[in-house]
Amino acid sequence: MVMSVNPILSPAGKKFFNNLLERDQDGYRPTLSWLQRMPNDHTAPQIVATLEKIRFLQQAQVPAWDLAAINPNR
């Protein structure tokens with residue numbers, strides 16, 4: 001089954017993916033590495049950081065992406 005990723009790769013989607021690779025405000029790490037960083041403790045700052053990541057992805061409308069037709073091994 002072939003799935004079109006055109007809705008995800010719209011101009012706004014391309015911009016979102018490009019922005020993930022740009023360095024943060026400090027010029028140190030790309031946003032993608034921030035998203036990949038796992039919490040290492042059960043503290044309030046770690047919970048807040050996780051909630052900030054969830055909010056970031058929700059604002060980018062990532063939960064609305066239809067990925068049902070993509071092979072899970074991809």
Side-chain angles (χ1 to χ4, degrees):
M1 171 186 278
V2 176
M3 182 210 166
S4 173
V5 292
N6 286 338
I8 296 172
L9 295 179
S10 65
K14 289 178 185 178
K15 183 177 180 181
F16 172 74
F17 287 119
N18 284 334
N19 288 342
L20 286 179
L21 299 176
E22 290 181 2
R23 302 208 180 268
D24 61 7
Q25 298 89 349
D26 299 332
Y28 183 63
R29 295 182 181 169
T31 304
L32 181 61
S33 72
W34 170 70
L35 287 170
Q36 292 173 326
R37 221 173 310 142
M38 297 290 292
N40 56 6
D41 203 1
H42 300 290
T43 62
Q46 291 290 318
I47 293 170
V48 170
T50 300
L51 292 173
E52 288 173 352
K53 292 176 190 179
I54 292 169
R55 184 181 66 219
F56 172 80
L57 295 171
Q58 287 174 336
Q59 288 175 344
Q61 299 183 359
V62 172
W65 293 355
D66 181 18
L67 305 176
I70 295 179
N71 185 326
N73 294 325
R74 293 275 174 189

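Quick note: numbers below take in every heavy atom, side chains included, and nothing from hydrogens, waters or symmetry partners. If you're wondering where the values come from, they're calculated on a predicted model, not measured in any experiment.
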Mind checking whether Ile47 and Leu57 sit in one hydrophobic cluster, side chains of I, L, V, M, F, W, Y counted as touching below 4.5 Å? no
Indicate, with yes or no, if Leu20 and Tyr28 share a hydrophobic cluster defined by side-chain heavy-atom contacts under 4.5 Å among Ile, Leu, Val, Met, Phe, Trp and Tyr. no
Here the gap from Thr50 atom OG1 to Arg55 atom CZ, rounded to the nearest 0.5 Å, amounts to 12.0 Å
Can you list the residues that meet the side-chain contact (heavy atoms from CB on, under 4.5 Å) rule with [X], with sequence neighbours excluded?
X	value
Lys53	Trp34, Leu35, Arg37
Asn40	Gln46
Ala60	Phe16, Val62

Q. Got a donor-acceptor contact below 3.5 angstrom from the Arg23 side chain to the Pro30 backbone?
A. no
Run Asn19 and Thr31 through side chain to side chain contact (heavy atoms under 4.5 Å, CB included) and show every step you take.
CA-CA 7 Å; Asn19 288 342; Thr31 304; over 6 Å; no
